[in-house]
Structure formats: structure tokens, C-alpha cells
Engineer: 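This is the structure, below, for whatever I ask next.
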Amino acid sequence: MNVTKCEETPWPVIIIILLLSVHGGSSIKWLALGKSNDARVWTREACTAAKSSGLLERKQARACRATTDVMPSIVQAARDTTAVCQQAFRNRRWNCSSIERAPHYTPDLLSGTREQAFVYAMSAAAAVWRLARGCALGNLAACSCATPPRREPPSPSALTSSTSFTSKSVSFDAMSARNSFKWGGCGDDVRSASRLAKRFLQGSSPTGTGSTAKFMHAVNMHNNRAGRRAVEQSLTLECKCHGVSGSCSVRTCWRGLDSKGPSAAGARLFRKYATAAEVRAKSGSRLPPLYHHDNLLYTTKSPDYCIPDKKRGSLGTIGRQCNGSSPGYEGCEYLCCGRGHITKTREILERCQCKYISCCYSVQCKTCRSVITTYECN
Ligand SMILES: *[C@@H]1O[C@H](CO)[C@@H](O)[C@H](O)[C@H]1NC(C)=O
Ligand SMILES: *[C@@H]1O[C@H](CO)[C@@H](O)[C@H](O)[C@H]1NC(C)=O
């Protein structure tokens, strides 16, 4: 009888296959641009250098060279993404600390998890927000203020009941009169900003040629788009009154972004994170058609992030601070995964009961002791 000997696959091949299947490529390496504090001048050479050091992909570098003026906004967007993500997840088992490893991500942000979906969407949202701000400030050649919507501004009665209306400088009493409304001011040009962001963000290709890599790429790009749309959805109507001494006989209105930053879009996406849908590659690399544009999609179930697991990108929650009385995510019960916690108390000395001594222009304080209790996961 003939015995066929199994052909051995050489190790390097196995490793490469594993890498391709687990790491479906990462087009968020650009988030590392936010780490350096130097105010880099974005020339075409700087774009090429950023590609050589692995921060930009080939097509992203091309977009960078074509419109170098977008890059300061992109760098800011990278910082926003990290800040919003870490704020949103500060009390969760996965607390977004691994985003700081950019461009060398761990598997939690490479293997198609829910967390990766949030970061892709958030990075796109931050890019659109910063680019729209750049447009309104006149820093970008490709855009300025938004073309006013074709329909009329809402009537006063509609405005009072509208929840998205921010009353910046409008007196509602004055509005009850028949006033004249018109579009004016400088609306945030989110549409152009979104187009610019897309050119940069979608400027990445699947890593590898396998169908898994292609599918992951399609999912990443879907999440990018969900992020861009979240900014469009967080536009609010803003108006300003004109007329003699605040009579508000004429009002100009525009659609504007929250001036505090992309955190409104971030809150929207954080809610989407909770309801993200799992998708599987069936045949080819296309997404099933029924997934709504605004949903976040993931391809791999996340670990519970309870114990350290390098292979899955889990840091574990040992040593994390938790809340001794909260029944929620930040409570010790959940955050410590049932391992229990230790209670630490320490005494601190503070200046307190300060009094202003009017005779001598000075402040006198006492020193008070207080005890601070913290809880740490086992
Ligand atoms: C986030 O989690 C990691 C790993 O558990 C921990 O080392 C880090 O201190 C945490 N960061 C914050 C801000 O809690
Ligand atoms: C802990 O959780 C409780 C209940 O949710 C809350 O009232 C309290 O402010 C939290 N403490 C800290 C330090 O966050």
C-alpha cells in the first residue's frame, strides 16, 4: 500500500496566512499623526515621508500630496479621535488605551471587532468635523461656507417645537411676531468636508488579496461612512436676530456644527457601538445589501477584556479603578469580572475654609484632613 506523506507547509507561510486572516489591514495608521506635537509643515515631501514611516497608506499619501492644506485638520482629527474614544470608554473594560499604540495596533483594533468599528467611524467623524471647521475658517481651498438649503428656514412655530434648534441669540418673544427669515451666516459645509474626508479615508486598499482582507476592508469603509454621516446628522439650526435694538425683525439662520468639537457625533456613534451588527463574509467581499448606512458593523466577536490576552488584544482589568457602589459598567462587580477588588484609603491634606482678609489683601486657609477611598480590581 502506498502511503502518501503529507506535505508540510513551511512555517513562514503559515504565519503569513495567519496575519492576513487576522489582520485585515489597517487604514487608521494615520491616527499616529496626532501624537507628535511638532507643527509639521505639510509639503508634498512631508506626505511622502509620512508614507515611508508607515503613517499614511499609498493612496492616502497621494491625497495628502494633492491637497496638503487638509493635513492640519487631519492631524487635529487624529487627536480628537483619541480624546473622544478614551472619554467615551473610560469606565469600560476596554478603555481605548490601545489606540495610543498607533500605528502599531494590537488585535483589538485589527481583527474586525466592535471596538475597531467605533474607532473607524469616530476617526471619520472627527475628520469631517475638523475639515468642516477648516472650510468655515477659510483654511481650505476646496470649500468655504455651505450653500444654503433650497427650502425655506422653518417658521417660528416650527422652531419653538424643534428639538434641534439651539437658541443662540434668539429671543422667543420676538419671534412670535411675523418676522422675516432667511438663510445667511456661514453654514458648515459638511457635504464638501465629507467628500474631502472620504477622499483621504477611503484612500486605502485592502491589505492582501484574500477575500477575508477584502471583506474586512469593505466593513471598515462602511464604518467610515457611518462616521461621516453621524456628523451630518449632528448639524443643528442656528439663528441670529437682526433689527433695531434686538427687535429681531430679520433673522438669519444657518446649519452649524457643535462648536465644542466632534463629541456630539461621538455620542451618537457610542450609541451605535452598543447596537453594532455582526456580519460574515459569505461569497466574495461584498457586504450584504440590507445593512443600514448608519449601523456599525463588525466581523469578529470581541473578547470580554477581563484577563490579559495578547493574541486578542485584551489588556485585562487587573488594577483598574472601579466604583464601589455603581451597578453599571464602571462598578467593581462588572469591571473586575467577579474577581473582587481591594479597597484603598489614603489621607490627604487640603487647604480649606479659606478667608479673604480684607485689611491685608491676603487669603488665610486652614489645613483639613480628608480620607479618600478608591477601589481597584483584583
Ligand atoms: C485603561 O486600561 C489599561 C489596562 O487595564 C490600564 O493600564 C490603564 O491605566 C487604563 N486607563 C485609564 C485611563 O483608566
Ligand atoms: C459611583 O457610582 C455612584 C452610583 O452610580 C455615583 O453616585 C458616584 O458618583 C460614583 N462615584 C465615582 C467616584 O464616580
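As the structure lists them, so they are numbered: ligands from 1, and atoms in each ligand from 1. For the single chain, residues carry numbers from 1 onward in sequence order.
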Engineer: Please identify each residue that fulfils side chain to side chain contact (heavy atoms under 4.5 Å, CB included) with Thr252, with sequence neighbours left out.
Structural biologist: Lys182, Lys240, His242, Trp254

Engineer: Report all N/O contacts between ligand 2 and the protein shorter than 3.5 Å as a table of atom names and distances to 0.1 Å; if there are none, say 'none'.
Structural biologist:
unit_1	atom_1	unit_2	atom_2	d
ligand 2	2 (O)	Asn323	OD1	3.2
ligand 2	2 (O)	Asn323	ND2	2.4
ligand 2	11 (N)	Asn323	ND2	2.8
ligand 2	14 (O)	Asn323	ND2	3.4

Engineer: Which residue pairs pass the disulfide (SG to SG under 2.5 Å) test with at least one member in residues 88-126, sequence neighbours excluded?
Structural biologist: Cys85-Cys96

Engineer: Which atoms of ligand 1 sit under 4.0 Å from any heavy atom of Leu315?
Structural biologist: 4 (C)

Engineer: Does the side chain of Thr106 pick up a donor-acceptor pair with the side chain of Asp108 at under 3.5 Å?
Structural biologist: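 Yes, Asp108 and Thr106 have a side-chain donor paired with an acceptor closer than 3.5 Å.
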
Engineer: If we ignore angles and hydrogens, is there a donor and acceptor under 3.5 Å between the side chains of Arg339 and Thr317?
Structural biologist: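 Distance-only check passes for Arg339 and Thr317.
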
Engineer: Which atoms of ligand 1 have any heavy atom of Gly316 under 4.0 Å away?
Structural biologist: 4 (C), 5 (O)

Engineer: For ligand 1, does Gln86 get within less than 4.0 Å through its side chain, its backbone, both, or neither, judged by non-hydrogen atoms?
Structural biologist: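 Answer for Gln86: neither.
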
Engineer: Using only heavy-atom distances, determine whether the side chains of Lys366 and Gln353 contain a donor-acceptor pair under 3.5 Å.
Structural biologist: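 Gln353 and Lys366 do have a side-chain donor-acceptor pair below 3.5 Å.
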
Engineer: Would a line drawn from the ring center of Tyr273 to the ring center of Phe89 be shorter than 6.0 Å?
Structural biologist: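 Ring centres of Phe89 and Tyr273 closer than 6.0 Å.
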
Engineer: Polar-atom distance check: Asn95 versus ligand 1, any N or O pair below 3.5 Å?
Structural biologist: yes

Engineer: Could you verify whether a donor N or O on one side chain and an acceptor N or O on the other, from Glu100 and Gln86, lie under 3.5 Å apart?
Structural biologist: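 Gln86 and Glu100 do have a side-chain donor-acceptor pair below 3.5 Å.
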
Engineer: Who clusters with Tyr375? Use side-chain heavy atoms, under 4.5 angstrom, across I, L, V, M, F, W and Y, and order the result by chain and number.
Structural biologist: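 Direct or chained contacts put Tyr375 with none.
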
